[in-house]
Amino acid sequence: MAEIRRLLLDPARLIALIMLAVINLALFSGELRSRREEEERYQMQYAEWSISREETEEDPDAHYINEEYPAYLAYVQTQSQTQSVLQKLNKAQSPFVTRNLDKTVQDYQALGKVEVESGDHRALDAVLDCTLTDILLLIAPLLLILSLTAEADTAVGALTRTTKRGRTPLCARRIFAVILFSLADVLLLYGGDFCYAVSQYGSPGLGRAIQSDPAFQLCAVRLTIGEYLIFTVLLKTLAVTVIALLVWLILSRFHPLPGWTLISVIVAGMWLCHQFVMPTSPVNHLRFLNPFAALRADEFFTGYCNLNLFQYPAGFLGSMLIAVGGLFVLLAAGCLVLVGSRYPKKRGAGMVRLFDRISKALSRHMPCHTVFGFEGWKLLFAQRAFVFVCAAIGGAFWLWNDIHISLPLSADTLMMYREFQGEITEKKLEKVTYYIESNQEYAEYLQRKLDEAIAENKDVHEISGLQKSLNEAMETLQFWQAVDTRLSELTDYTARTGLDAWFVPQESYQLLFRGNAMQRHSAMVLLLFLIFAFCGIFAFDNQYGTAALLRATKNGRFRMRLCQWLWIFLLTVFAALMLHGVYILHLAKDVEFALTEAPAQSVAFLQFLPFSVNIRTVLTVYIALRCLAAFALAAAVAGISRFSRNPSHARMISLAAFLLPSALCESGLPLPSFLNFVDALTVTVS
Amino acid sequence: MENILELKQVTKRYGNFTALDNVSFTLHPGVTGLLGANGAGKSTLMKLMTDHMKRTGGEILWNGTDILKMGAKWRALVGYTPQLQGLYDDFSARRFLYYMGTLKGMPHREIKAQTAEMLAAVNLTDAAHKRIGTFSGGMRQRVLLASAMLGKPQVLILDEPTAGLDPGERIRIRNDIAELARDRIVLLATHVVSDIACIAKQVMVLRGGKLIAFDTPSALLAATEGKIGEFFGTYDEIRQLQAQYPSGEIAQRRDGFVLRIAADTLPEGCEPVKDAVTLEDVCRLYLKGEREYG
């Protein structure tokens, strides 16, 4: 027990776990908010531009419970009967197909009568796809394994092996500790996600049948939502434990370089199989009998699939449990034998040799000759800040894919819309009036045709086709009316104030200047970058005790500090430009960049500016302000670093001082807004 | 003209604790050994001399000019090895020396030439491109020494430079320091008294932040006359006597045990040592009662 306590209750490990949970919560809350905002935006536009459907359409939840789910169950039965007849006619068909159909029917029959009830299942849906959490789940147990393998190389490792219970019994306890730690990790991170989702959407009702949520329509297991959550936690724990034990086993028998290569190949292979093998593929075993499938967990409940095991269908959940559970037993036994009782392998040399080779090559071919160069080297490579720079670049790409600012209009309408952008001319005003009139006529024509079709009791498809065309025409008409209104407003504004104003698409600027959930999310990523990249900048010298030595040199004071600050500034600006710059790039992509020469007053919420200035200048000042805010935070992180014994301490303090309150504020806790540093990073125009 | 480094009534206080109390001495080219128990103020003195920390009082003058006024000019004249092995694990030895050369403001060509020279001097040419993280304690110490010697400074301040070195390396480094000290000031703090005995021109002893002795080794040895003695007896007798003289050193001889004592008044039955008095005995005499010396 002492060993388990030591491993689980180590303060540094616990703090790291809590910090990981906070980071996860911060990122998850950001993602959820942006997803929610996207949904709301879509719903608003849908409500604005479509003909009111509320009167004609049934509540989707009631529709699912009363019609869709019973229809699905009936479909499974009838499909089976139809297929059975076809099977008898087609003798060449594989016996698996017949058996699979029978099993499918049996499975759904065994499900019996499921009481699907209506309720708010948004919280449950929110945690269905938490890829980021799944990745973060692996970090803490891997850190625990790394500490165990590192300990084996030290005097403590040698010492424990000389004691009576220092081999197999100790290893067994450590395996148990890994399981418990993985469970704690899953509960904190995944549980944190669920609690946050519940705080946002309300409880999904833990006692309801899981099939009550349309996402789980295909589930052939009788479970309540609460049971599903427990099952998911256990599956994720199993997956995390299996991956951790795999790493432990390999690292204990191989030199780090081949060991990590082997781990990378196996883990990447498993991940690729899970990611790219289709559920309907003949080799879907590779997808489902895989620890990553257990880590994802939800697909076993949101889908239905039987695996072909020697022409016999086997339920994918049961098969996965046997396969991954078996792998766990094998790995645990392997650890007991190879880590516990066999003589330890000498490790470390491989990785050291690799680092040595890299160091030699860099030392030979990349000599620095300036204080600035050396300080950059120290920060980027010795303190590994380049990893976080790469992460910031990755974050920017991820943002690029996630930003959607195009209007939900047809390509033709959008093309016409682009014609209006720029200076307002008489010709444009006439043109928009023409568009409105022609669309009005077209909509009226469609309305007449629709009325006639209904009166003549024509085919349903024809009526719904006409209805659809009418809806589209009305949407386009409303859009052109909105353009006309905006053009009139701008003309009035120019006449009233004497300040010029052009017609520019507001949405892109709205997205950039007004700060949405996505921007807050990217600000959170920027905050993480600032903490992780700069927490060691000064603490690094304290850690290695070089401060006194450096200060005793001619340039070891002002010039060295100046160069360090310069690097902080450059990297901060780089990261801020990367993360905020994607909006500018989107702006350049979606809106003509030449339009940024338009007067700032062309943007509705910039009309308060009392002087004439173009959008490009405002944009530059705005981005500079954001960079400045980021630099101020970077300076605060560096300030903490200055007084910390080592980078880990500085990181912990910075995370607690900046990330924790920001994450809590972002999660919706009523804390004073000055504690939210995400606000500071997303300077908004209001 | 010979360079002179002069300390006048240098004092350093941390709150109520006085780490250095009115310390005054003058250093000339050559090795000056600095002896003292742990916590005597050796490292504090060195940090004040490198202007790493602010002094509470007194003056440190380089050829008559206060080093605070000289600022970076003073630091350009100083080579320093701190007590802790302050080196970056991810740097190679060569990169670290390049870094130190850059911080010392040396021209690039000079850095390249001197780095090769210093690495050869400390026998690290073969390991020049290896990561310092893979170095033994002795190798790290040699890198530090090479970095201190880089730029051929006028003043070398070495805080335990031979700690962790094997005997062969120690002798080699000691000889290098002696060679360097021919035309520059070297202040060498160490617990290995034999290092100082071999090469020091002068020795100073610090105790409780005060300078209690500053003279040539021979003068210090002469001052111990009649104060160093040896007591022969059984192990139990020796242990009893050692309780009164904790700094005494027990040695085993063929016919029994002997306790070597340093005291102003030797106890009864103790035979004074006339020859073979060492600086170790001087330390024992001056630093009796201090942690490091019993």
Side-chain angles (χ1 to χ4, degrees), chain A residues 348-386 536-537 539-564 645-647, chain B residues 43 46-47 49-53 70-109 111-112 115 127-135 140 144 147-148 150-151 153 155 157 159:
Chain A
M351 196 57 102
V352 167
R353 269 203 300 273
L354 175 73
F355 278 136
D356 238 10
R357 267 182 224 156
I358 295 170
S359 169
K360 265 185 190 176
L362 294 175
S363 177
R364 270 183 223 281
H365 305 298
M366 279 181 66
C368 304
H369 290 298
T370 58
V371 180
F372 181 73
F374 270 112
E375 290 311 320
W377 177 273
K378 267 168 69 183
L379 178 63
L380 288 170
F381 299 106
Q383 296 169 41
R384 316 275 187 266
F386 77 94
I537 188 143
F540 186 69
D541 289 337
N542 299 343
Q543 180 186 18
Y544 286 104
T546 49
L549 182 66
L550 304 183
R551 278 178 63 81
T553 60
K554 186 183 167 191
N555 296 329
R557 298 188 182 190
F558 177 73
R559 187 178 288 191
M560 191 181 82
R561 285 277 180 261
L562 182 72
C563 292
Q564 286 173 330
R645 262 186 299 158
N646 57 46
Chain B
S43 295
M46 292 189 155
K47 282 177 184 166
M49 289 171 76
T50 56
D51 187 27
H52 177 58
M53 56 169 66
M70 292 174 73
K73 278 184 194 161
W74 163 245
R75 294 197 301 277
L77 296 172
V78 175
Y80 173 53
T81 66
Q83 191 179 15
L84 294 167
Q85 292 182 346
L87 295 162
Y88 302 120
D89 285 350
D90 283 311
F91 276 46
S92 67
R94 194 177 83 141
R95 187 177 292 279
F96 185 75
L97 293 186
Y98 269 39
Y99 179 45
M100 292 308 295
T102 311
L103 287 181
K104 286 181 178 196
M106 292 163 63
H108 300 155
R109 206 172 288 172
I111 293 174
K112 201 173 172 185
T115 296
H129 295 290
K130 282 192 175 174
R131 281 176 66 246
I132 291 173
T134 64
F135 282 11
R140 295 168 80 98
L144 271 182
S147 85
L150 209 61
V155 180
I157 297 174
D159 201 349

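Computed from a predicted structure; not experimentally measured. Naming: A, B, ... by sequence-line order, numbering from 1 per chain.
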Check B/Y80 against A/A552 and note the closest heavy-atom contact, atom names and distance. CD2-CB, 3.7 Å
Distance, nearest 0.5 Å, that separates NZ of A/K378 from CZ of B/R95: 12.5 Å
State, yes or no, whether a side-chain contact exists between B/T102 and A/N555 at a heavy-atom distance under 4.5 Å. no
Measuring from atom CH2 of A/W377 to atom OH of B/Y98, what distance do you get when rounded to the nearest 0.5 angstrom? 13.0 Å
Choice from B/M100, B/K47, B/K73 maximising heavy atom contacts with chain A below 4.5 Å: B/M100
For the residue pair B/L87 and A/Y544, establish whether any side-chain heavy-atom pair is separated by less than 4.5 Å. no
Which value, rounded to the nearest 0.5 Å, describes the distance between A/K554 atom NZ and B/M106 atom CE? 11.0 Å
Once rounded to the nearest 0.5 Å, what's the spacing between atom CZ of B/R75 and atom CG of A/L550? 11.5 Å
Atom pair CD/CG of A/Q543 and B/D89 - distance to nearest 0.5 Å: 8.0 Å
Could you check which of B/A72, B/G79, B/G71 has the highest count of heavy-atom pairs closer than 4.5 Å to chain A? B/A72
Got more than 12 heavy atoms from elsewhere within 6.0 Å of CZ, A/R559? no
Contact between A/E375 and B/Y99 at the side-chain level, heavy atoms closer than 4.5 Å - yes or no? yes
Point-to-point distance, once rounded to the nearest 0.5 Å, from OG1 of A/T546 to OH of B/Y88: 3.0 Å
Among residues at least two apart in sequence or on other chains, which ones pass side-chain hydrogen bond (donor to acceptor under 3.5 Å, both in side chains) with B/K104? none
Mind checking whether B/T50 and A/L549 have side chains closer than 4.5 Å, heavy atoms only? no
Just jot down the side chain to side chain contact (heavy atoms under 4.5 Å, CB included) partners of A/A382, sequence neighbours excluded, or say none. A/F540, B/D90, B/F91
